[in-house]
Colleague: 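One structure coming up, written as C-alpha cells, with questions to follow.
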Amino acid sequence: SHSNGLAYTFRRDATAPLFPVHMEMEMDFKTVLLSGGWESVACLLKAKKKHQRVMGVFFDYGQPYLKEETKAVARLSSIIDFNLSYIKIKDMKRDGKVFVDRNKRFLEETKRMGADEVWLGCRAPLNIFDEYMDSNWQFAQAMSKEIGVKINTPLIMWPKPLVKYYVTSNGIPADYIYSSEGYNYAT
C-alpha cells in the first residue's frame, strides 16, 4: 500500500478478465511507464533488450481512455514477458481538462515503489516542441534531479512513424496498441 495508491499486477492471460493481485516492486527491476500507447510500448521493448527484468507500471488516474488503455496493456502482457504493476491514483489534480503534473506524479509513485531507473516514452527534446509540459527530455532531466531517479528517454527526436515501425517490426500487432493522442485531457 502506498500513500496515494496501491500497486497491483495484472493477470497475464489477456483473454481473461483482469484482476489485481497486490505486490511490492523488487529493487532490481527497471521500470517503464506503460500506457499501452506506441511510445510506452517502444520503451518497454527497448528496456527489455537492455535489461533482463523489466516492470511496466500502469496508472489509473481517471483518464478518459482508461478502459481502452487497460485492454491494450493486458493484450501486451500476453505476448511480451514483463512484470506489470497497476497503481490507482484517486486524487490526480486537474486544471480544467488538463491533468496537472501527471508524469511528475507517476515518477514520484515509481520512486516510492523503489525504482532507481524509469523509462519514459517522450519524443520531444524541449517543452516548446510538445503540447504536454511533462513529456519531453527537458522535463525528464529536471525530474531526475528533483526526485533522484535516473530517467531514460530513448525515443527523443523519433518521429511517430519510426516509433510505430519499431514496435511493429518487433512483432507487436498494431491492434494491440491503444493511442488517443489526447490522453492528457479529461472528459
Side-chain angles (χ1 to χ4, degrees), residues 2-5 7 25 29-51 54-66 69 72-73 82 84-164 166-167 177-187:
H2 304 285
S3 61
N4 296 318
M25 185 171 162
F29 279 90
K30 299 305 175 195
T31 306
V32 177
L33 298 186
L34 188 63
S35 68
W38 291 103
E39 286 82 6
S40 71
V41 174
C43 275
L44 177 66
L45 294 169
K46 286 188 147 300
K48 287 285 299 168
K49 286 185 180 199
K50 192 169 181 179
H51 303 287
V54 174
M55 171 75 71
V57 180
F58 179 83
F59 290 91
D60 168 358
Y61 56 97
Q63 66 267 46
Y65 304 107
L66 175 64
E69 290 178 2
V73 169
F82 68 98
L84 179 61
S85 286
Y86 174 95
I87 298 178
K88 180 159 182 72
I89 299 176
K90 297 177 183 175
D91 60 347
M92 184 67 81
K93 295 177 187 171
R94 292 185 189 182
D95 181 6
K97 290 186 173 186
V98 177
F99 289 98
V100 177
D101 294 329
R102 178 185 53 119
N103 279 333
K104 178 179 181 183
R105 181 74 179 274
F106 298 165
L107 293 166
E108 290 170 343
E109 290 294 328
T110 57
K111 171 73 172 178
R112 281 188 199 93
M113 291 173 66
D116 63 352
E117 180 178 331
V118 180
W119 291 57
L120 180 62
C122 55
R123 296 182 291 120
L126 305 171
N127 61 21
I128 60 172
F129 298 114
D130 190 29
E131 67 180 299
Y132 306 116
M133 299 300 285
D134 68 348
S135 188
N136 57 71
W137 179 86
Q138 183 180 23
F139 163 82
Q141 295 306 302
M143 287 300 96
S144 182
K145 290 177 185 170
E146 183 177 320
I147 64 175
V149 170
K150 178 181 178 185
I151 301 174
N152 193 329
T153 54
L155 307 179
I156 295 302
M157 300 301 291
W158 281 36
K160 188 73 159 199
L162 179 57
V163 174
K164 290 180 175 182
Y166 179 78
V167 170
I177 307 298
Y178 178 78
S179 183
S180 67
E181 296 299 325
Y183 62 92
N184 199 29
Y185 296 97
T187 54

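Hydrogens, waters and symmetry mates play no part in the numbers below; they use all other heavy atoms, side chains included.
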Colleague: What residues form a side chain to side chain contact (heavy atoms under 4.5 Å, CB included) with Pro161, not counting sequence neighbours?
Modeller: Pro159

Colleague: Which residues pass the side-chain hydrogen bond (donor to acceptor under 3.5 Å, both in side chains) test with Lys145, not counting sequence neighbours?
Modeller: none

Colleague: Contact between Glu117 and His51 at the side-chain level, heavy atoms closer than 4.5 Å - yes or no?
Modeller: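 Yes. Closest side-chain heavy atoms under 4.5 Å.
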
Colleague: What residues form a side-chain hydrogen bond (donor to acceptor under 3.5 Å, both in side chains) with Thr153, not counting sequence neighbours?
Modeller: none

Colleague: Indicate yes or no: at least one non-hydrogen side-chain atom of Val167 is less than 4.5 angstrom from one of Lys164.
Modeller: no

Colleague: Give me the atom names and distance for the closest heavy-atom approach of Leu34 to Phe58.
Modeller: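 Closest approach of Leu34 to Phe58: O-CD1, 3.2 Å.
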
Colleague: Could you measure the distance from the CE atom of Met113 to the CG atom of Asp116? Nearest 0.5 Å is fine.
Modeller: 12.5 Å

Colleague: Would you compute the distance between atom CG of Leu162 and atom CE of Met157 and round it to the nearest 0.5 angstrom?
Modeller: 11.5 Å

Colleague: Would you name the heavy atoms of Met55 and Ser85 that are closest together and state the gap between them?
Modeller: SD-OG, 3.2 Å

Colleague: Grab the two heavy atoms, one from Leu84 and one from Val57, that are nearest each other, plus how far apart they are.
Modeller: CD1-N, 4.5 Å

Colleague: NZ of Lys93 to CZ of Phe99: how many Å apart, nearest 0.5 Å?
Modeller: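 These two atoms lie 14.0 Å from each other.
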
Colleague: Kindly write out the residues that satisfy side chain to side chain contact (heavy atoms under 4.5 Å, CB included) with Ile147, not counting sequence neighbours, or none if the list is empty.
Modeller: Leu107, Glu108, Val149

Colleague: With sequence neighbours left out, what residues match Lys46 under side chain to side chain contact (heavy atoms under 4.5 Å, CB included)?
Modeller: Trp119, Pro154, Leu155, Trp158, Tyr166

Colleague: Between Ser40 (side chain only) and Gly36 (backbone N and O only), is there a donor and an acceptor less than 3.5 Å apart?
Modeller: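 Yes; at least one donor-acceptor contact below 3.5 Å.
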
Colleague: Name all residues meeting the ring pair (Phe, Tyr, Trp, His ring centres under 6.0 Å) criterion together with Phe106; count only those two or more places apart in sequence or in a different chain, and write none if there are none.
Modeller: Phe59, Tyr61

Colleague: Determine whether Ser179 and Lys160 satisfy the following criterion, side-chain contact (heavy atoms from CB on, under 4.5 Å), listing intermediate values before the conclusion.
Modeller: CA-CA 12 Å; Ser179 183; Lys160 188 73 159 199; 4.0 Å; yes

Colleague: To the nearest 0.5 Å, tell me how far Arg105 CZ sits from Asp91 CG.
Modeller: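 Between atom CZ of Arg105 and atom CG of Asp91 there are 4.5 Å.
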
Colleague: How long is the straight-line distance from SG of Cys43 back to CH2 of Trp38, given to the nearest 0.5 Å?
Modeller: 14.0 Å

Colleague: Identify the two heavy atoms, one from Glu39 and one from Gly121, that lie closest to each other, and give their separation to 0.1 Å.
Modeller: CB-O, 3.0 Å

Colleague: Set out, in order, the CA-CA distance, both residues' side-chain angles and the distance that settles side-chain contact (heavy atoms from CB on, under 4.5 Å) for Gln63 and Leu66, then state yes or no.
Modeller: CA-CA 6 Å; Gln63 66 267 46; Leu66 175 64; 3.8 Å; yes

Colleague: Distance check, rounded to the nearest 0.5 Å: Thr110 atom OG1 versus Ile151 atom CD1?
Modeller: 7.5 Å

Colleague: Once side-chain hydrogen bond (donor to acceptor under 3.5 Å, both in side chains) is applied, do any residues pair with Glu146, and if so which ones, sequence neighbours excluded?
Modeller: Lys104

Colleague: Under the side chain to side chain contact (heavy atoms under 4.5 Å, CB included) rule, collect the residues that match up with Ala72, sequence neighbours excluded.
Modeller: Arg75, Tyr178

